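Numbers for residues simply follow the sequence, beginning at 1. Since we're looking at a predicted model, the values are computed, not measured.
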Amino acid sequence: MLWIKAFHIVFIAAWFAGLFYLPRIFVNLAMVPADSHAERERLLVMGRKLLSFTNLLAVPALGLGLWLVLINPQGFFFGQGWMHAKLLLVVGVGGYHHACGRMLRTFELLQNRRSHRWFRVFNEVSVLFFAAIVVLVVVKPF
């Protein structure tokens with residue numbers, strides 16, 4: 001079980017690294033001048049590659065987490081309010097990840113209407129998710 005936990009943590013950290021950086025690419029894309037096609041395309045390629053890699057990292061992260069729940073189902077079902085809160089946040093992270101993919105698509109279609117300032121704030125959401133999940137897992141407040 002400790003090996004599963006260890007690899008779960010490794011894949012979660014790697015998945016979040018992608019979620020931390022992808023919106024930063026969006027900040028840069030939102031700042032690209034309209035006539036700078038090469039810079040825009042370079043950032044789009046980086047975004048596509050990072051999103052693909054992040055998608056791949058999410059699968060084992062979630063799979064290993066599910067495996068941990070299946071190994072110890074009573075820990076999930078009985079008296080583990082922190083786990084329920086964590087899983088709710090994980091669903092939120094999945095939604096955030098999906099939103100990142102949709103936002104990349106709007107840049108590819110030249111349909112982005114959001115400012116670089118908006119993306120700077122959006123970039124911090126993943127940090128809040130990560131911090132909340134870590135606090136729940138370590139402190140187990142309820």
Side-chain angles (χ1 to χ4, degrees), residues 1-77 80-142:
M1 186 157 132
L2 292 178
W3 284 100
I4 300 167
K5 280 184 185 180
F7 282 109
H8 176 61
I9 292 167
V10 167
F11 281 105
I12 289 294
W15 180 25
F16 267 95
L19 294 178
F20 293 156
Y21 194 68
L22 188 57
R24 183 62 205 171
I25 292 173
F26 299 159
V27 169
N28 293 329
L29 277 164
M31 295 174 62
V32 170
D35 62 341
S36 185
H37 303 292
E39 182 180 2
R40 183 179 167 283
E41 190 54 38
R42 179 181 54 82
L43 289 168
L44 283 173
V45 167
M46 288 172 58
R48 284 185 210 109
K49 287 181 178 184
L50 184 57
L51 181 62
S52 294
F53 190 61
T54 304
N55 290 341
L56 290 173
L57 292 167
V59 173
L62 295 170
L64 290 166
L66 180 61
W67 193 359
L68 288 168
V69 168
L70 294 174
I71 288 172
N72 186 16
Q74 66 271 24
F76 172 73
F77 291 108
Q80 301 290 331
W82 67 270
M83 176 62 87
H84 296 111
K86 174 196 165 194
L87 293 176
L88 183 63
L89 289 172
V90 169
V91 169
V93 172
Y96 182 85
H97 185 149
H98 178 72
C100 285
R102 293 193 65 187
M103 288 176 197
L104 182 60
R105 187 77 178 136
T106 63
F107 280 109
E108 290 172 338
L109 298 173
L110 299 173
Q111 295 176 347
N112 176 54
R113 302 289 177 249
R114 294 188 169 113
S115 71
H116 67 93
R117 287 188 180 103
W118 188 92
F119 286 107
R120 287 177 196 277
V121 172
F122 179 76
N123 188 33
E124 301 308 319
V125 172
S126 61
V127 175
L128 296 175
F129 273 124
F130 186 75
I133 290 169
V134 168
V135 167
L136 285 170
V137 170
V138 173
V139 177
K140 296 179 174 81
F142 44 88

J.: Between R105 and L109, does the side chain to side chain contact (heavy atoms under 4.5 Å, CB included) criterion hold? Intermediate values first, please.
T.: CA-CA 6 Å; R105 187 77 178 136; L109 298 173; 3.9 Å; yes

J.: Evaluate R114 against F122 for side chain to side chain contact (heavy atoms under 4.5 Å, CB included), listing each step before the verdict.
T.: CA-CA 11 Å; R114 294 188 169 113; F122 179 76; over 6 Å; no

J.: Return the minimal non-hydrogen interatomic distance between Q80 and H84, and the atom names on each side.
T.: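 That would be O-ND1, 3.2 Å.
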
J.: Which pairs with one or both residues in residues 21-51 pass ring-ring contact (aromatic ring centres under 6.0 Å, His included), sequence neighbours excluded?
T.: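 Pairs touching residues 21-51 that pass the test: F26-F107, F26-F119.
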
J.: Is the side chain of K140 donor-acceptor paired with the backbone N or O of V137 at a distance under 3.5 Å, no angle test?
T.: yes

J.: Going from NE2 on H116 to CG on N112, what distance comes out if it is rounded to the nearest 0.5 angstrom?
T.: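 If we round to the nearest 0.5 Å, H116:NE2 and N112:CG are 11.5 Å apart.
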
J.: For the residue pair W67 and H8, establish whether any side-chain heavy-atom pair is separated by less than 4.5 Å.
T.: no

J.: Please walk me through it: do L19 and V125 pass side chain to side chain contact (heavy atoms under 4.5 Å, CB included)?
T.: CA-CA 9 Å; L19 294 178; V125 172; over 6 Å; no

J.: Report the distance from atom CE of M31 to atom CZ of R40, rounding to the nearest 0.5 Å.
T.: 16.0 Å

J.: So how far is it from R42 CZ to S36 OG, rounded to the nearest 0.5 Å?
T.: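 Separation between the atoms: 8.5 Å.
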
J.: Looking only at non-hydrogen atoms, find the nearest pair between P23 and N123 and report the distance.
T.: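 Minimum heavy-atom contact is CB-OD1, 3.4 Å.
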
J.: Nearest 0.5 Å, what's the CD1-NZ distance between I25 and K49?
T.: 11.0 Å

J.: Within the supplied structure, the quantity of interest is the number of heavy atoms (other residues, nucleotides, ligands) at a distance under 6.0 Å from F7 CZ; does it exceed 12?
T.: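 For F7, atom CZ is not crowded (no more than 12 foreign heavy atoms under 6.0 Å).
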
J.: Between Y96 and F129 (side chain of the first, backbone of the second, donor and acceptor by atom type, cut-off under 3.5 Å), is there such a pair?
T.: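 Not a single qualifying donor-acceptor pair exists.
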
J.: Quick check: closest heavy atoms across W82 and L136, and the distance to 0.1 Å?
T.: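 What the structure gives for the nearest pair is CE3-O, 3.5 Å.
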
J.: Looking at A30 and S115, what are the two nearest heavy atoms and their distance?
T.: CB-C, 4.1 Å

J.: So does R120 have more than 12 non-hydrogen atoms from other groups sitting under 6.0 Å from CZ?
T.: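 Yes, CZ of R120 has more than 12 neighbouring heavy atoms, counting only those of other groups under 6.0 Å.
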
J.: Where do W15 and A61 come nearest, in terms of heavy atoms and distance?
T.: CE3-CB, 4.1 Å

J.: Who passes ring-ring contact (aromatic ring centres under 6.0 Å, His included) against F20, sequence neighbours left out?
T.: F16, F130

J.: How close do G47 and L22 get, heavy atom to heavy atom, and via which atoms?
T.: O-CD1, 3.7 Å

J.: Enter the distance from L64:CG to I4:CD1 here, rounded to the nearest 0.5 Å.
T.: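 Taking CG in L64 and CD1 in I4, the distance rounds to 7.0 Å.
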
J.: Measuring from L88:CG to M83:CE, what's the distance to the nearest 0.5 Å?
T.: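 Rounded to the nearest 0.5 Å, the CG-CE separation comes to 13.0 Å.
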
J.: For residues 50-59, please give each side-chain donor-acceptor pair under 3.5 Å, one per line with the distance, not counting sequence neighbours.
T.:
| from | atom 1 | to | atom 2 | distance (Å) |
| --- | --- | --- | --- | --- |
| S52 | OG | R48 | O | 3.1 |
| T54 | OG1 | L50 | O | 2.7 |
| N55 | OD1 | H97 | NE2 | 2.5 |
| N55 | ND2 | L51 | O | 3.3 |

